[in-house]
Amino acid sequence: GALGNAKQSNIYFESASPTITNSTISKSSVYGIYADDGSAPALSGNNLLNNSSYPISVQSSKTSNLGPNTASNNYQDGIELRGNVTLNTTWPDTSLPYIVTADVTINSLSTATLTIEPGVEIRFDPAKGLYVGLYTYPNAYYGALIARGTAVEPITFTSNAAIPAP
């Protein structure tokens with residue numbers, strides 16, 4: 001039978017930030033790797049395949065330790081981002097697209113900055129977006145975005161819809 005039923009993943013990080021390199025993670029009943037909101041794993045050189053959901057699911061502020069990985073034959077071959085960016089964070093080029101499945105807001109009382117590296121692709125589920133800053137009376141939450149692609153490695157913001165429409 002399929003693996004990963006108890007925590008809905010083959011590997012589940014709970015307030016942990018381990019390193020996994022050059023490994024194969026496959027055939028989970030849901031996620032290949034799921035990192036809870038307190039986890040920031042270092043993942044690189046891994047092959048994630050045949051998982052019933054995303055190969056990797058991680059909190060939007062906990063991506064800085066992600067490196068290049070490969071994925072195939074998963075529900076979608078990308079990294080699911082969850083939650084808001086509330087501290088200085090980098091979305092590195094991991095060779096996999098980031099998939100925004102719920103709105104992501106960059107915000108904190110002291111200014112959170114999201115840096116997106118050249119070559120990164122970010123896909124947005126329908127009606128989802130990336131927001132910088134937030135005002136909720138009586139508090140202002142500040143955010144900043146640095147996204148500097150290059151001619152050779154542009155940053156791509158695009159739809160994750162099966163048939164993208166303007």
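Computed from heavy atoms alone, side chains included, the values below leave out hydrogens, waters and symmetry copies. Because the structure is predicted, anything quoted here is derived from the model rather than measured.
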Inset, instruction - Would you please test Ile33 and Phe13 for side chain to side chain contact (heavy atoms under 4.5 Å, CB included) and show each step? - result: CA-CA 8 Å; Ile33 296 173; Phe13 301 129; 3.4 Å; yes

Legend entry - Minimal non-hydrogen separation, Pro92 against Ser64, with atom names: CG-O, 4.2 Å

Inset, instruction - For residues 28-38, pull every pair meeting salt bridge (Lys or Arg N to Asp or Glu O under 4.0 Å), keeping only residues two or more places apart or in separate chains. - result: Asp37-Arg82

Inset, instruction - Report the distance from atom CD1 of Ile79 to atom OG of Ser60, rounding to the nearest 0.5 Å. - result: 11.0 Å

Give every donor-acceptor pair under 3.5 Å between a side-chain atom in residues 146-155 and any protein atom, sequence neighbours left out.
| unit_1 | atom_1 | unit_2 | atom_2 | d |
| --- | --- | --- | --- | --- |
| Thr150 | OG1 | Val152 | N | 3.4 |
| Thr150 | OG1 | Glu153 | N | 2.7 |

Legend entry - ILVMFWY network linking Leu48 to Tyr31, side-chain heavy atoms under 4.5 angstrom: no

Side chains of residues 108-121: which donor-acceptor pairs under 3.5 Å do they make with residues two or more places apart or in other chains?
| unit_1 | atom_1 | unit_2 | atom_2 | d |
| --- | --- | --- | --- | --- |
| Ser108 | OG | Ser110 | N | 3.3 |
| Ser108 | OG | Thr111 | N | 3.0 |
| Ser108 | OG | Ala112 | N | 3.2 |
| Glu117 | OE1 | Asp93 | N | 3.1 |
| Glu121 | OE2 | Arg123 | NE | 2.5 |
| Glu121 | OE2 | Arg123 | NH2 | 3.1 |

Inset, instruction - Identify the two heavy atoms, one from Thr86 and one from Ser61, that lie closest to each other, and give their separation to 0.1 Å. - result: N-OG, 3.0 Å

Legend entry - Interatomic distance, Asn69 atom CG to Ser23 atom OG [nearest 0.5 angstrom]: 9.5 Å

Inset, instruction - Say whether Asn47 and Thr70, considering side chains only, have a donor N or O and an acceptor N or O under 3.5 Å apart. - result: yes

Inset, instruction - Using the rule that two of Ile, Leu, Val, Met, Phe, Trp, Tyr join whenever any of their side-chain heavy atoms come within less than 4.5 Å, decide whether Trp91 and Ile106 are in one cluster. - result: yes

Legend entry - Pairwise side-chain contact, Val85 with Asn107, heavy-atom cut-off 4.5 Å (strictly under): no

Throw together a table of side-chain donor-acceptor distances under 3.5 angstrom for residues 127-135, partners on residues two or more places apart or in other chains.
none

Inset, instruction - Determine whether the side chains of Asn84 and Gln59 contain a donor N or O and an acceptor N or O closer than 3.5 Å. - result: no

Inset, instruction - Please report the closest heavy-atom contact between Ser15 and Ser39, naming both atoms and the distance. - result: N-OG, 3.0 Å

Inset, instruction - For the pair Ile20 and Asn46, evaluate side chain to side chain contact (heavy atoms under 4.5 Å, CB included) and give the outcome as yes or no after the intermediate values. - result: CA-CA 8 Å; Ile20 298 178; Asn46 299 301; 3.5 Å; yes

Legend entry - Test item: side-chain donor near acceptor, Tyr98 and Glu80, under 3.5 Å: no

Legend entry - Residue pair Thr101, Phe124: steps toward the side chain to side chain contact (heavy atoms under 4.5 Å, CB included) verdict: CA-CA 7 Å; Thr101 58; Phe124 296 88; over 6 Å; no

Inset, instruction - Mind running side chain to side chain contact (heavy atoms under 4.5 Å, CB included) on Ile11 and Ile25 for me, showing each step along the way? - result: CA-CA 8 Å; Ile11 301 172; Ile25 296 96; 3.8 Å; yes

Legend entry - Test item: Ser28 side-chain N/O and Ser26 main-chain N/O as donor-acceptor pair under 3.5 Å: no

Legend entry - All pairs passing salt bridge (Lys or Arg N to Asp or Glu O under 4.0 Å) where residues 96-109 contributes a residue, at least two apart: none

Inset, instruction - Could I get the full list of side-chain contact (heavy atoms from CB on, under 4.5 Å) partners for Asn74, not counting sequence neighbours? - result: Asn51, Pro55, Ala71, Asp77

Legend entry - Pairwise distance OG1(Thr21) to CG(Leu43) - rounded to 0.5 angstrom: 9.5 Å

Inset, instruction - Starting at OH of Tyr34, measure out to CD of Gln8 and round the result to the nearest 0.5 Å. - result: 9.0 Å

Legend entry - Residue Phe157 excluded, over 12 heavy atoms near CZ under 6.0 Å: yes

Legend entry - Parallel, tilted or perpendicular: rings of Tyr75 and Tyr54 (30°, 60°): perpendicular

Inset, instruction - Would you check if the side chain of Thr63 reaches a backbone N or O of Thr90 as a donor-acceptor pair within less than 3.5 Å? - result: yes

Inset, instruction - Quick one: pull up OG in Ser17 and CG in Asn65 and give me the separation to the nearest 0.5 Å. - result: 7.0 Å

Legend entry - Hphob cluster co-occupancy, Val104 + Ile99, side-chain heavy atoms under 4.5 angstrom: no

